[in-house]
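Data first, discussion second: the structure below is written as structure tokens.
Note that ligands are numbered from 1 as they come in the structure, with each ligand's atoms numbered from 1 the same way.
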Amino acid sequence: MRSTTILTLLSISSIGVLAIPAEYKPNNADPVKLKQKRAAAISVPGQPLTKVPVTWQTVGPNPTLGTIRSPVGTATFPVYTLPTTTPPVYTLPTTTPGYGYSTPPTTLTSKTSATKSTSSSSSTYTPVVGANSTCANRLKIEVLQKTDPDQFNMLLLAWQKVQTDPDSNPFGHYQLAGIHGAPYVPWQMGPGSYDYSRGYCTHGSALFTTWHRPYLLALEQALFNAAIAIANTFTGTAQTQYLAAANRLRLPYWDWAAPDTQSYLPAITMVTTVTVTKPDSFGNPVSAVINNPLFAYNFLSSSSVAPLGSPFSSHLSTRRYPDAGWNDHSASASSSMQSGFAARVSSTYNAFLSTSYNLFSNRIEGVHDGVHGATGGGGDMSMVSVSAFDPIFWLHHCNVDRIMAMFQATQPSYWVTPASAVGTFARPVPPNTIDDTTSELYPFRRADGSWYKSSHLTPVSTIWGMKYGYAEVPCSYQTKTPTDLDTFTTTQINMLYAPGRPSTPGTSLDWNVRLLIDQAEIAGGFDIYVYGVNPPNPYTNPYGQGFIGSLSSMSMGATDQYKQSRIRFVDISLNSYLQSYGVYSSDPYTITSYLTKNLYYTIIANGQPCYFQDLQTAKIGVYSRNVYDTGKIDSLPYYTSDNYYYLNVTQGVPGGIKSVQDITYPVKVDGSREIPWAENNSTGIQS
Ligand SMILES: *[C@@H]1O[C@H](CO)[C@@H](O)[C@H](O)[C@H]1NC(C)=O
Ligand SMILES: *[C@@H]1O[C@H](CO)[C@@H](O)[C@H](O)[C@H]1NC(C)=O
Ligand SMILES: *[C@@H]1O[C@H](CO)[C@@H](O)[C@H](O)[C@H]1NC(C)=O
Ligand SMILES: *[C@@H]1O[C@H](CO)[C@@H](O)[C@H](O)[C@H]1NC(C)=O
């Protein structure tokens, strides 16, 4: 650990309070001990944080993140233009998409109707349609490797091809990954007026799950097409064999809550080379050892990485837990992931019990954030700006998409409801903008040239139209009824994610801890960690002994440290933790006494310790909820009460709640209160 820590709180009148890196004295803080209550705030050794006013300007450098940009328009951003070699596929529609903002991005127009000069590359686009084949299930990566070696072989060959495609190819790995964040260039949209501080991806919004669906489909399309092309270069029976495999090639997923493989990183993502069967110059199959495309993405040149921001701009490979020499430590990623396994399973299961789509989306996004934090360890996966360059990003998100499909199958009447919007690269949002099912999911176009919208992604059977399914939402159910599918998927959810579930009917208490914060209060990335025992080394080994779960907020990347003011919350299930310590009970006195003594939490911002008492919007509170379970394998439990918050567990400690309002109607950095977006209009949350 560094001997100096860095965090200063700065007051900015128009925005509220933001934290930026600045000089700050060392300390050896313990995580806040709930059992010490008020005394904990003053028992923490270390120097108080300095508060100074600041104007918006470029500051830094930060040792991890590089130069921090100004939140106002004083900093300049590089503007990149699309390369000129995009292969034409379709001509563009003449209608302009409906941007609801004062300076709409210039979109592509057909050559005849163009009124602005656009580069020649901009006159065409390829829609995102997925595999050109019949419906095939996406498989768990370990299952794919074991049960379909031919498809697995084609996946490796195809992804290697896509990763070595030139940066100018919109369906190459470089540009596809670049949609998510850096290098902040338009993707098949032509020049325009964009927000160059962020990528196209949506996080912390009602569109989180739906936006990533066509995003994954775009890579699947690239892999599929590459696999078909490679298969065609085999000759004879090998061609027949590998064409068949290419036709069923779909993106695999990493189930980080699986009963068998648990939360460990898939073994195949941790080895640097793999043996494949590829065609020789005569089209005959030969064995070859290649760089493993699931381990890391290797950038093609130093100019490719230049726009990614420090430290990524000086390294030609993606990394997990990189050390000073940029060596990979995927084993650390794997053990960090595994230590959160038990709570991850119950939080995943709880997501399926959500009482609205938006709440489901927020819950699964919270689980997803924790995976990014634990897998990245300061490497690519930790940053919104570069995470999609690491191939494991796609396996991770494929699992999020799968869980989304499973939720859709079991809750067909729930869907995205209007919620306050989050701005993206192509969709700046003025105050009071709403995201809903008609919001365009830029930059993805459907076959007819229209933008994808969430409304195109419901009901769940629409995935089969995109030529993929999952084992739990299988292509084979295309001919069955939605009720049959609901029963089937529900059974799978119970079998996978509810180990030890009672088989007799009854009501029990579901225990959770809720963490929340206005994400704008801390610049860059931060994690709030919760422990069920006093953690021995929370700052050097945050995922160590006693770790239960976290609220992770990924850094946007070196060029955008500041996030839109927005309450982010995560509900971490405590049931499996309580069960593993043999103390689970439905008696509030027993559990609240236990938690008051044994629950610990700490926060690390940009790799440095930080204190709850210095934050104005961070809150932690324990709640329970009655859950009725029929015990039947084909039905899910459901809530029979609202959340009940126990003030006496965290009252008086830094970040503790003094009133139920503190956590259901929390304060933002500007002092106003807001119901967290995911709970707007969901049923039965306020208590
Ligand atoms: C889809 O595949 C069929 C045959 O397999 C081919 O004729 C057609 O051109 C393909 N379409 C696209 C858009 O690649
Ligand atoms: C809120 O929920 C009700 C049904 O519970 C629904 O009729 C209404 O459209 C929803 N409103 C919003 C803004 O989502
Ligand atoms: C919920 O969202 C709607 C927009 O759909 C907004 O008008 C309303 O004020 C929100 N309600 C609360 C309680 O935040
Ligand atoms: C905490 O408060 C709840 C009621 O809100 C009560 O049931 C429980 O017994 C209290 N716990 C302790 C340790 O006093």
Side-chain angles (χ1 to χ4, degrees), residues 33-38 86-92 124-136 151 154 158 161-162 165 169-171 188 214 217-234 239-250 444-449 464-468 507-514 532 574 578 581 583-600 619-626 641-653 656-664 686-687:
K33 296 179 181 181
L34 294 186
K35 64 182 168 187
Q36 293 181 348
K37 293 213 175 250
R38 197 173 301 278
T86 316
V89 177
Y90 285 81
T91 53
L92 291 154
T124 60
Y125 69 93
T126 304
V128 174
V129 295
N132 178 19
S133 176
T134 53
C135 190
Q151 187 194 155
M154 294 316 292
K161 156 79 172 58
V162 168
D165 277 339
N169 182 344
F171 282 81
Q188 299 202 121
L217 199 66
L219 179 68
E220 186 164 81
Q221 178 170 337
L223 295 175
F224 176 89
N225 289 335
I228 295 283
I230 295 166
N232 273 318
T233 62
F234 283 101
Q239 185 183 78
T240 314
Q241 178 188 347
Y242 286 114
L243 262 181
N247 265 296
R248 58 180 187 267
L249 185 147
R250 297 294 182 277
F444 308 116
R445 293 176 199 266
R446 305 203 309 151
D448 66 2
W464 299 325
M466 299 182 221
K467 310 298 189 227
Y468 76 89
T507 298
S508 61
L509 279 193
D510 175 40
W511 292 94
N512 292 273
V513 59
R514 170 168 295 192
L574 295 172
L578 293 168
Y581 281 78
V583 291
Y584 176 82
S585 155
S586 281
D587 173 45
Y589 180 82
T590 306
I591 298 301
T592 54
S593 312
Y594 186 83
L595 293 176
T596 304
K597 290 193 201 81
N598 293 290
L599 209 57
Y600 292 75
K619 295 289 172 212
I620 180 166
V622 166
Y623 74 85
S624 71
R625 199 164 181 174
N626 288 328
S641 77
D642 291 343
N643 294 354
Y644 184 87
Y645 290 92
Y646 297 90
L647 304 182
N648 52 9
V649 179
T650 60
Q651 199 164 27
V653 301
I657 50 172
K658 298 188 183 67
S659 71
V660 172
Q661 239 200 5
D662 282 347
I663 204 146
T664 57
Q686 310 287 319
S687 61

Is there side-chain contact between Arg446 and Pro127, with heavy atoms separated by less than 4.5 Å? no

CZ (Phe224) and CG (Asn247) are apart, to the nearest 0.5 Å, by 4.5 Å

Would you say Gln239 and Asn232 make side-chain contact, with heavy atoms under 4.5 Å? yes

Under 3.5 Å, N or O to N or O, is Thr592 touching ligand 4 that way? yes

For ligand 4, which is the ligand I care about here, please tell me if Tyr646 has any N or O atom under 3.5 Å from one of the ligand's N or O atoms. no

Provide, to 0.1 Å, the distance between atom 7 (O) of ligand 4 and the closest protein heavy atom, together with that atom's residue and name. Pro588 CB, 3.7 Å

Just to verify, which of Tyr594, Tyr623, Tyr646, Tyr644 counts as forming a ring-ring contact (aromatic ring centres under 6.0 Å, His included) with Trp511? Tyr646

Does the side chain of Val129 reach to within under 4.5 Å of the side chain of Leu217, using non-hydrogen atoms? no

Counting heavy atoms only, which of Asn132, Leu243, Thr126 is nearest atom 13 (C) of ligand 1? Asn132

For atom 5 (O) of ligand 4, what's the nearest protein heavy-atom neighbour? Residue, atom name and distance, please. Tyr644 OH, 2.9 Å

Atom indices of ligand 4 within 4.0 angstrom of Asn648 heavy atoms, with elements: 1 (C), 2 (O), 3 (C), 8 (C), 10 (C), 11 (N), 12 (C), 14 (O)

Side-chain contact, heavy-atom cut-off 4.5 Å: Leu574 with Asn512? no

Is there any N or O on Tyr645 that sits under 3.5 Å from an N or O of ligand 4? no

